[in-house]
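Below: the structure, in structure tokens.
Within every chain, numbering begins at 1; the chains are lettered A, B, ... in the order of the sequence lines, protein sequences first and strands thereafter. FYI, side chains are in, hydrogens and waters are out, and symmetry mates aren't considered; it's all heavy atoms of this structure. Since this is a predicted model, take the numbers as computed values, not measurements.
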There are 2 protein chains.
Amino acid sequence: MSDPSARTLRLLSLLQARRYWSGADLAGRLGVSVRTLRRDVDRLRELGYPVEASRGVDGGYALAPGAALPPLVLDDDEAVALALGLQSAAGSAVAGMAETSVRALAKVVQVMPVRLRRRVEALRGATVSGWNPGEVADAVDPAVLTTVALACRDAERTVFGYAPPGRARTERTVEPHRLVSLGRRWYLLGWDLDRGDWRVFRLDRLDAPRGTGAVFGPRRFPAGDPAAYVRERIDTAWTRYVVEADVDAPADAVRRRIGRWATVVGERPGGCRVRIEGDDLDWAAAALVVTGAPFRVVSPPEFTAHVAALATRCAAAAAP
Amino acid sequence: MSDPSARTLRLLSLLQARRYWSGADLAGRLGVSVRTLRRDVDRLRELGYPVEASRGVDGGYALAPGAALPPLVLDDDEAVALALGLQSAAGSAVAGMAETSVRALAKVVQVMPVRLRRRVEALRGATVSGWNPGEVADAVDPAVLTTVALACRDAERTVFGYAPPGRARTERTVEPHRLVSLGRRWYLLGWDLDRGDWRVFRLDRLDAPRGTGAVFGPRRFPAGDPAAYVRERIDTAWTRYVVEADVDAPADAVRRRIGRWATVVGERPGGCRVRIEGDDLDWAAAALVVTGAPFRVVSPPEFTAHVAALATRCAAAAAP
DNA sequence: GACACAGCGGACAGGATCTGACCGCAATGG
DNA sequence: CCATTGCGGTCAGATCCTGTCCGCTGTGTC
């Protein structure tokens, strides 16, 4: 361990693996004298990573939170957990969070050893995403997601198969521009080389993407905000409904149980009104079932009919 | 940028920020000659990070997956996404995944700048966890989780408030030993200094934990496997039920929609039998509702009654 | 097949850096 | 008051690092 730069990296990882280190310990681990260790610590501090030192008996060093996040040194298990966590965060509904998660995920996956990638694949089967179950069928393969994200970041020409609804699968060659997450779907905005025009692709209809290795120069996207462009272009025909219902349970309790899917829009003693938006009436009904409380449908009429049908369905299910 | 170790770190981060770099670009960014850049690249390779180089026109450098994950250099947004992702992964049901996620999360949080930590806090409110809603009330505060995880890792004596069910909150001083995740609850196994014995604490009943700074020597846990010990000690009295039902929908479709909560235990043409385990009958009923298909309750009798009640509840809800 | 491009790596010399040793000093806690 | 532990100055010698120069080797294009 003679090389200073290797040692600096190693020191950083040691300081992340355990909080408190005595100077002698660290010096021993790095195979240098304490004096040199002190110099290394100084170097880290100059690089902006605040290493705190305490003197006296039980003194030692600890890496404190600083202005910037230091390079994270993670072991195998942690890396796998991270990849899985980011995958689930990629399905998050928070604006902007999904894109960022995918970016980070792509970064990690790019340099992740193959054996770890295999572990992630294997575990992904076991950990189903927490998405609205009605949408799981449309879920994007994380491998596709990260491949495309990397291609966007690196401006790398990409080939993939694409199957528009009702039409045959074709091969496309595209200069990927931006990934856009709308609702719970992912879209790729890119310049279609075969068509010679900007196109929007739904990621769940896209398969086997691979970079060609060819890097393209920056092509200006003319239409301003990519997200807005995608929003205009996509098929907004799928039924979108807004369900409202009165629930005979305190707003707090309701929020606790179904706050993820519903918003409380009105409150009264012992009850509240909730609104559920989505594109699956069964799901809305299920949410109201989970409250465990009596409720009354306010709107829309289709939902009233749906719940009535559900009543007979349940009655039949409980019949001997 | 004269210091080699700073430069090495920076090179690593550049290689993570973009995939392909030409030698000249990298040298320019680092403020050194191409020759020195080559030497730096060699250094990285010696450290075990496989930097691939390609020659000829459009040649350049790229960081490839190697034997070990290189230190990850993340920007602010990515770090926040990572923390949120790991938080949700900490609620994952996959064995062992939860513990690892928490460990990684603790590692990140320890060195995360305060401003980022605040952003994570703020966003956590917005992104509700994907847990079984029936359990959200028992959710552990991630701050508590990470603090305790760090204390375990660093063998740091810890003080916290603890409120056993039905008894008053008391202050405890503990040498934390292991975090155990069982079902969807978290437990801390530790040596209670006041009681002079090993104790198990439920993390959702624990508040305001803080390290005392005192590091304790390794105290051997005598009873073998901590997880088994905790499993024995905890209150297993909460009702646990197993619901089975026949659903008139193909197994594939059912799995796609409610695979997260139910397992398909039998298959027949056009239908299948599912099993749902948990501690909330409403939740099981909701899962069946989400299938959108007719079903029949097989067992247990309580559930038949529950579904019958649900039928009347729905009928009432749909009544004008 | 010739050519340009871009990475590879040897050699070299001057200068900068790094290291361990030794020193006294400054907090800290018992 | 004392042991412990980190801090930082100084020094000398060894080491390294850097830019320059050069010829070589793949790669893709014309």
Are any of A/Tyr20's side-chain N or O atoms less than 4.0 Å away from OP1 or OP2 of D/dT5?
no
Position toward the 5' end of DNA chain C (nearest nucleotide), A/Leu37 or A/Ser54
A/Leu37
Can you tell me the distance, in whole Å, between the CZ atom of B/Arg38 and the P atom of D/dC21?
14 Å
Nearest-nucleotide pick for B/Ala53, side chain only, options being C/dG7, D/dC7, D/dC17
C/dG7
Given D/dG6, D/dG8, C/dC18, which nucleotide is nearest the side-chain atoms of A/Asp42?
D/dG8
So how far is it from A/Trp191 CH2 to A/Asp197 CG, rounded to the nearest 0.5 Å?
5.5 Å
hbond_proxy A/Arg35 side chain to D/dG6 base (donor-acceptor, 3.5 Å cutoff)
no
Hey, could you give me the CG/CH2 distance between B/Asp154 and A/Trp21, rounded to the nearest 0.5 Å?
10.0 Å
B/Ser5 or B/Val34: which one's nearest nucleotide on DNA chain C is closer to the 5' end?
B/Val34
How bent is the helix from C/dG1-D/dC30 to C/dG30-D/dC1, comparing axes over its five end pairs at each side, to the nearest 10°?
60°
Do any N or O atoms from the side chain of A/Arg210 and from the backbone of A/Ala208 form a donor-acceptor pair under 3.5 angstrom?
yes
Nucleotide D/dC17, atom C1' - distance to CD of B/Glu46 in whole Å
14 Å
Please confirm whether the shortest side-chain N or O distance from B/Thr36 to OP1 or OP2 of D/dG19 is below 4.0 Å.
yes
Is a side-chain donor-acceptor pair under 3.5 Å present for A/Ser101 with A/Arg103?
no
A/Ser33 and A/Thr36: side chain donor to acceptor below 3.5 Å
yes
Between P on C/dT19 and CG on A/Leu30, what's the gap in Å once rounded to a whole number?
11 Å
Atom-pair distance (CZ on A/Arg7; C1' on C/dC18), nearest Å:
8 Å
B/Leu26 has an atom CG; how far is it from atom C1' of C/dG7, in whole Å?
12 Å
For A/Arg39 and D/dC11, give me the distance from atom CZ to atom P, rounded to whole Å.
14 Å
With hydrogens left out and only the distance checked, is there a donor-acceptor pair under 3.5 Å joining A/Arg55's side chain and the base of C/dT28?
no
Tell me the interatomic distance from A/Asp40, atom CG, to C/dC18, atom C1', rounded to whole angstroms.
10 Å
Measure from the ring center of B/Phe160 to the ring center of B/Phe201 and say whether it is less than 6.0 Å.
yes
Find the distance A/Arg43:CZ to D/dG8:P and express it as a whole number of Å.
15 Å
Can B/Arg19 and A/Glu156 be counted as an ion pair, charged N to O under 4.0 angstrom?
no
